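Order of the sequence lines fixes the chain letters, A, B, ..., with proteins taken first and strands second; residue numbering starts at 1 for each chain. Quick caveat: nothing in here was measured; it's all calculated off a predicted structure.
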Amino acid sequence: MKIQAPKGTRDFYPADMAWHMHLLDAWRAVSVRNGFEQVDGPIFETLELYKVKSGEGIVSELFSFRRTGGETDFAIRPEFTPTLARMVADKANALPKPIKWFATPNFCRAERPQRGRLREFWQWNVDLLGLDTPAADAEVIFTCVDLLAELGLDSTQVRVKISHRAVVKQVLEKLGVPEDKLPGAFTLLDKRDKMTPDEFTKEAGKLGLDEARVQRFEEVCRRKYASGDLMHLARSLAMDEPPEDLVKLDEQLRAFGLADWCEYDLGIVRGLAYYTGVVFEVHEATGVERAIAGGGRYDQLIELFGGPAMPAVGFGMGDVVLSNVLADKGLIPDDVGPRPDAFVLAASDEAAAQLPAVVSELRRAGLHARMSYKATRNVGKLLKDATNCGAKFAVIVGEQIEVKNLETGDQSAVGRDALLDALR
RNA sequence: GUGACCGUAGCUCAGUUGGUUAGAGCAUCGGGUUGUGAUCCCGAGGGUCGGGGGUUCGAGUCCCCUCGGUCACCCCA
């Protein structure tokens, strides 16, 4: 009987795993150099935990289960924030501030798979808690950009689109959107790119805005403003000065050298109700893919999970969309797997008896040594195997031992006791 | 959860209006030749055509269901 892998999951064969580990390594290395410490939690939590932030509605999106004979409902983790909030809330008083944590866990969501979205995925989570400054927002965004650059992307290929919850609310109020219509206005912002101008105008009209204001609303939410260009935003809104929160954020982004990567786009909403300040998404520049990363400031969430009042800002970056984008741009190298230092082959049957001794000596010395398992003594064929596995040196065991540098083609005979040195 | 398209070997594909034991290239494995990453030659394994049911004398070809894939909607924590 042949059983297929569950819908929306991936098998990682050696070549896939090599890239996967390369990505996880990059996430970790960038996190560490930006001063974040790695954490993790259980792969399942009580179902209850996920209802705290997202409500009952979340349940249908989860893989939840009850142990046979048990009475507690559990769910495989669909995201990291509740676990993080729980961990922070538990030890909030003992932890040195600011708290700078990252994690690279896998998550499961019961969604219908499509491009950029699977049922199991890995996500890099970066969170900075205990600081409520624009500098903290900028540092987190810097960390995100640092990773993108590390993997070979530049500011023409990906864009960090930034908005700000409080500023958008302020803008909507300035436009005259009544309090009770604010949620509708947020939805409209989110959907703007999927609507024709006519549909947009019609929907905007329902917010109680007159024609001139509908037009202004549309301009503000469709237009992008470069860093340093906030006066244009102010003008679009008929304001004397741009919103103070954005001005301060922009100063910090520039201080971190991020101006080229970022643009202000008030149409970035993020579905989440819990964001309180900055929100941002990273997109491929032409906008063909789903968001590569998304995050923002959530100053009230730790309290929601029973912790003390604690400001926080963070983001998540999934492996699926990121890999799609990198693949499209030819930025996934095929040589990221472990590369053998030496490939040991026998040129005669007598020599074959020496392979275990030679290989084990190299391995004990810490070298990554492989050998041929084939019966053939055809040196040409065996050298091809050596090349195919990416080995740096071939060790040809015959009447004497010869070391061939597979990159330069240089080959020379070495004494048995000089072998290790020849490979270093 | 809704809708559309798609499933033949590990990969890319061929397979006549339904008609014998389902094919090719690449890859894999083995062998031969030439002590050097190559070339050439020979050979092998591998598929019950995603799975199940139906129609038929006969189904990879037609129908239904189901599983999986792709895409859009939804959602996007």
Side-chain angles (χ1 to χ4, degrees), chain A residues 1-11 13-16 45 49-55 57-62 75-85 105 107-119 121 123 125 127 187 190-191 194 268-275 279 281 283 288-296 298 301 304 314-318 320-321 324 343 345-348 351 372-400 402-413:
Chain A
M1 180 152 73
K2 209 169 178 181
I3 297 177
Q4 296 170 308
K7 183 196 295 195
T9 62
R10 288 166 289 175
D11 291 326
Y13 288 87
D16 310 310
E45 294 269 9
L49 182 74
Y50 296 116
K51 293 184 187 170
V52 172
K53 178 178 130 217
S54 309
I58 197 66
V59 175
S60 66
E61 304 290 325
L62 300 177
I76 300 176
R77 57 187 176 191
E79 58 163 326
F80 195 63
T81 306
T83 299
L84 177 98
F107 300 105
C108 290
R109 298 179 185 177
E111 298 186 277
R112 195 81 168 262
Q114 55 187 275
R115 184 168 176 83
R117 182 214 270 179
L118 297 175
R119 287 186 155 193
F121 56 94
Q123 192 182 70
N125 285 258
D127 292 276
T187 306
D190 196 28
K191 305 233 157 126
K194 290 182 179 172
I268 296 298
V269 173
R270 305 291 296 152
L272 310 315
Y274 62 83
Y275 283 124
V279 291
E281 290 181 355
H283 285 263
V288 294
E289 302 279 356
R290 309 170 73 81
I292 296 169
Y298 51 99
L301 206 62
L304 186 63
F315 69 87
M317 178 187 291
V320 183
V321 177
N324 284 345
F343 185 91
L345 58 94
S348 69
S372 173
Y373 296 91
K374 287 185 177 170
T376 183
R377 304 300 166 219
N378 181 327
V379 175
K381 279 185 183 173
L382 295 173
L383 281 173
K384 187 181 181 188
D385 289 342
T387 305
N388 285 345
C389 75
K392 295 168 190 154
F393 292 96
V395 176
I396 304 166
V397 183
E399 290 180 10
Q400 55 183 352
E402 290 171 63
V403 170
K404 183 181 185 95
N405 183 321
L406 292 171
E407 281 159 12
T408 64
D410 296 341
Q411 180 172 338
S412 58

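A gap of 15 Å separates the P atoms of B:G15 and B:U20, to the nearest Å. Separating the P atom of B:G3 from that of B:C74 is a span of 16 Å, rounded to the nearest Å. B:G30 and B:A9: their P atoms are spaced 24 Å apart (whole Å). Remark: the separation of the P atoms in B:A27 and B:C40 is 11 Å, to the nearest Å. Between the C1' atoms of B:U16 and B:U28, the separation comes to 32 Å (whole Å). The P atoms of B:G7 and B:G43 are separated by 33 Å, rounded to the nearest whole Å. Distance check on atom P: B:C57 versus B:C13 gives 37 Å, rounded to whole Å. For B:C41 and B:G52, the P atoms lie 41 Å apart once the distance is rounded to whole Å.
Here A:R112 lies in heavy-atom contact (under 4.0 Å) with a base. A:A386 comes within 4.0 angstrom of nothing in the nucleic acid, heavy atoms only. Looking at heavy-atom distances under 4.0 Å, A:N125 makes no contact with the nucleic acid at all. At the heavy-atom level, A:K404 lies under 4.0 Å from base atoms of the strands shown. A:Y274 comes within 4.0 angstrom of sugar-phosphate atoms only, judged by non-hydrogen atoms across all strands, and of no base. A:L382 comes within 4.0 angstrom of no nucleic acid atom, judged by non-hydrogen atoms across all strands. In this structure, A:G116 reaches neither bases nor backbone, as no heavy-atom distance under 4.0 Å exists between it and the strands shown. No contact: A:G316 has no heavy atom under 4.0 Å from any strand.
Distances shown here put a side-chain N or O of A:Q114 below 4.0 Å from the OP1 or OP2 atom of B:A72. Between A:K191 and B:C75 there is a side-chain N or O to OP1 or OP2 distance below 4.0 Å.
With rounding to the nearest 0.5 angstrom, the CG atom of A:L62 is 8.0 Å from the OH atom of A:Y50. Note that CD1 of A:I396 is 11.0 Å distant from CZ of A:F343, once rounded to the nearest 0.5 Å. To the nearest 0.5 Å, atom OH of residue A:Y298 and atom CG of residue A:L84 are 5.0 Å apart. Between A:R112 atom CZ and A:K7 atom NZ the span is 5.5 Å, to the nearest 0.5 Å.
Side-chain atoms of A:K381 lie closest to B:G32 of the nucleotides B:G1, B:C76, B:G32. Here the side chain of A:T387 is nearest to one of B:G31, B:U36, B:G37, namely B:G37. The A:Q411 side chain lies nearest to B:U36 when the options are B:C75, B:G31, B:U36.
The base of B:U33 sits within donor-acceptor range of the side chain of A:N378, with an N or O pair under 3.5 Å. The base of B:G31 does not come close enough to the side chain of A:K374 for any donor and acceptor atom to sit less than 3.5 Å apart. Donor-acceptor pairing under 3.5 Å, judged by distance alone, is absent between the side chain of A:R109 and the base of B:C76. Below the 3.5 angstrom threshold, one finds no donor paired with an acceptor across the side chain of A:R117 and the base of B:C76. A donor and an acceptor atom never sit less than 3.5 Å apart when one is taken from the side chain of A:R115 and the other from the base of B:U70.
Ion pairing between A:K374 and A:D385 holds under the 4.0 Å rule for side-chain N and carboxylate O. With salt bridges taken as basic N to acidic carboxylate O contacts below 4.0 Å, none links A:R109 and A:E79.
Between the A:R77 side chain and the A:C108 main chain, no donor and acceptor come within less than 3.5 Å of each other.
What separates CD of A:E281 from P of B:C76 is a distance of 11 Å, to the nearest Å. When rounded to the nearest whole Å, the span between CD of A:E111 and C1' of B:C73 equals 13 Å. Atom CD in A:E402 sits roughly 14 Å away from atom C1' in B:G37 (whole-Å rounding). The nearest whole Å value for the distance from the CG atom in A:L383 to the P atom in B:G37 is 7 Å.
Nucleotides of RNA chain B nearest to A:P113 and A:F80 differ in position, and the one nearer the 5' end is that of A:P113.
Nucleotide B:C13 is matched to B:G23 when pairs are restricted to Watson-Crick or G-U wobble geometry with both distances under 3.5 angstrom. If you check B:C49 for Watson-Crick or wobble pairing at under 3.5 angstrom, you find it has no partner at all. Across all strands shown, the partner of B:A72 is B:U2, judged by Watson-Crick or G-U wobble contacts whose two distances both fall under 3.5 Å.
Applying the ring-ring contact (aromatic ring centres under 6.0 Å, His included) criterion to A:F107, with sequence neighbours excluded, gives A:F121.
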